[in-house]
Amino acid sequence: MSLIKRRDSGDIPAAASVSPLHEIGAYEALWLEDGATFKKIAERFQKDPSALPSDFVPPEKALPLAAEVVQRLHSAGAEDFGIRIHHAGDYPERLRHARYPVELLYYRGAWEITEKPSVAIVGSREPSPEGIRRASRIARELVKQGIVVVSGLAAGIDTAAHLAALSVGGETIAVVGTPLDTVYPKQNADLQRYIASRHLLISQVPVLRYHAQTYRQNRLFFPERNATMSALTDATIIVEAGETSGTLTQARAALYQGRKLFILESCFQNKALTWPARFEQQGAIRVRKMNDILDNLYAAL
């Protein structure tokens, strides 16, 4: 992997270049520390806003870890992966709007898609048939408006949104809750490969920590990616979600980050749900027709 130019950050002097392998290994090393979480790592960088992961981990410790990551990704067919690092290259500054922003992202595909207007469509992994139809209709309409459809590649609403965008020739980004060498759910393996090769697949999940943990521990990466998905996009649309759905993490993140949050009218009509009214009181937009989304989006873009 070639060197990346470090960006100047105002009063912070820019170094000549950054070693991607050193940064990968350092990021992974930080995650291998006992008790590591996105919150703890973010707080560490908040104390030194100019720091890169490599400022905390020497190369002799980082580079062997980076070699292991590269080997894992290559073995999984992800030889074409890249990274984005805060303070270097094309890292999206909008990600700093997250409460606990990530310092490094792994990706496969066309990174330049992130520079276009984008909207996240999210919701239940076990949606109703009407929920699937609604997500698909919204995705197709967004594509007609030249908007990139973003979701998390989970079963249900996420998959419907990705497929609908692709069906009408749109662009899509998948922000996943697993490393690039892992597919979840398994039935989306072909879809994940297609998005990685033709569109954009993004992961903030540390490869080595993920494979060193149990499935139950790794479930915590999914809500964290929702916060990143919200920060990466201009708005989030919730199609369907239960009272304890991880989707609500993204709703809270969107409001915190100053993003538009849209909630479909059908969610309000479900008397078993309390969260739609709560988020509406906090600034979410109730969606009765497609123009409720488009009119507010145009005002924000």
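Just so we're clear, the structure is a prediction, and the values are computed from it rather than from any experiment. Below, all heavy atoms of this structure are taken into account, side chains as well, without hydrogens, waters or symmetry copies.
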Salt bridge (charged side-chain N to carboxylate O under 4.0 Å, His left out) partners for Glu33, two or more places apart: Arg44
Taking it one step at a time, do Tyr91 and Ile85 satisfy side chain to side chain contact (heavy atoms under 4.5 Å, CB included)? CA-CA 6 Å; Tyr91 177 97; Ile85 315 160; 5.6 Å; no
Tyr194 and His199 aromatic ring geometry - parallel, tilted or perpendicular at 30°/60° bounds: tilted
Take Ile41 and Trp31, measure what side chain to side chain contact (heavy atoms under 4.5 Å, CB included) needs, and give me the verdict at the end. CA-CA 8 Å; Ile41 292 174; Trp31 269 103; 3.5 Å; yes
I'd like to know if the side chain of Ser151 reaches the main chain of Leu153, judged simply by a donor and an acceptor atom lying under 3.5 Å from each other, with no hydrogens or angles considered. no
Residue pairs involving residues 242-252 (criterion salt bridge (charged side-chain N to carboxylate O under 4.0 Å, His left out); sequence neighbours excluded): none
Are there more than 12 heavy atoms of other residues, nucleotides or ligands under 6.0 Å from atom CD of Glu126? no
Is the shortest side-chain N to carboxylate O distance from Arg125 to Asp158 below 4.0 Å? no
Tell me whether Glu43 is salt-bridged to Lys47, with the criterion being a basic N under 4.0 Å from an acidic carboxylate O. no
So do the side chains of Leu30 and Phe45 get within less than 4.5 Å of each other, counting heavy atoms only? yes
Taking NZ, NE, NH1 and NH2 as the nitrogens, is one of them in Arg137 or Glu130 under 4.0 Å from a carboxylate oxygen of the other? yes
Between the side chains of Arg209 and Glu28, is the shortest nitrogen-to-carboxylate-oxygen separation below 4.0 Å, so that they form an ion pair? no
Dump the intermediate steps for side chain to side chain contact (heavy atoms under 4.5 Å, CB included) on Val149 and Leu166, then the final yes or no. CA-CA 9 Å; Val149 172; Leu166 294 174; over 6 Å; no
Going by an N to O cut-off under 4.0 Å, is there a salt bridge joining Arg96 and Glu103? yes
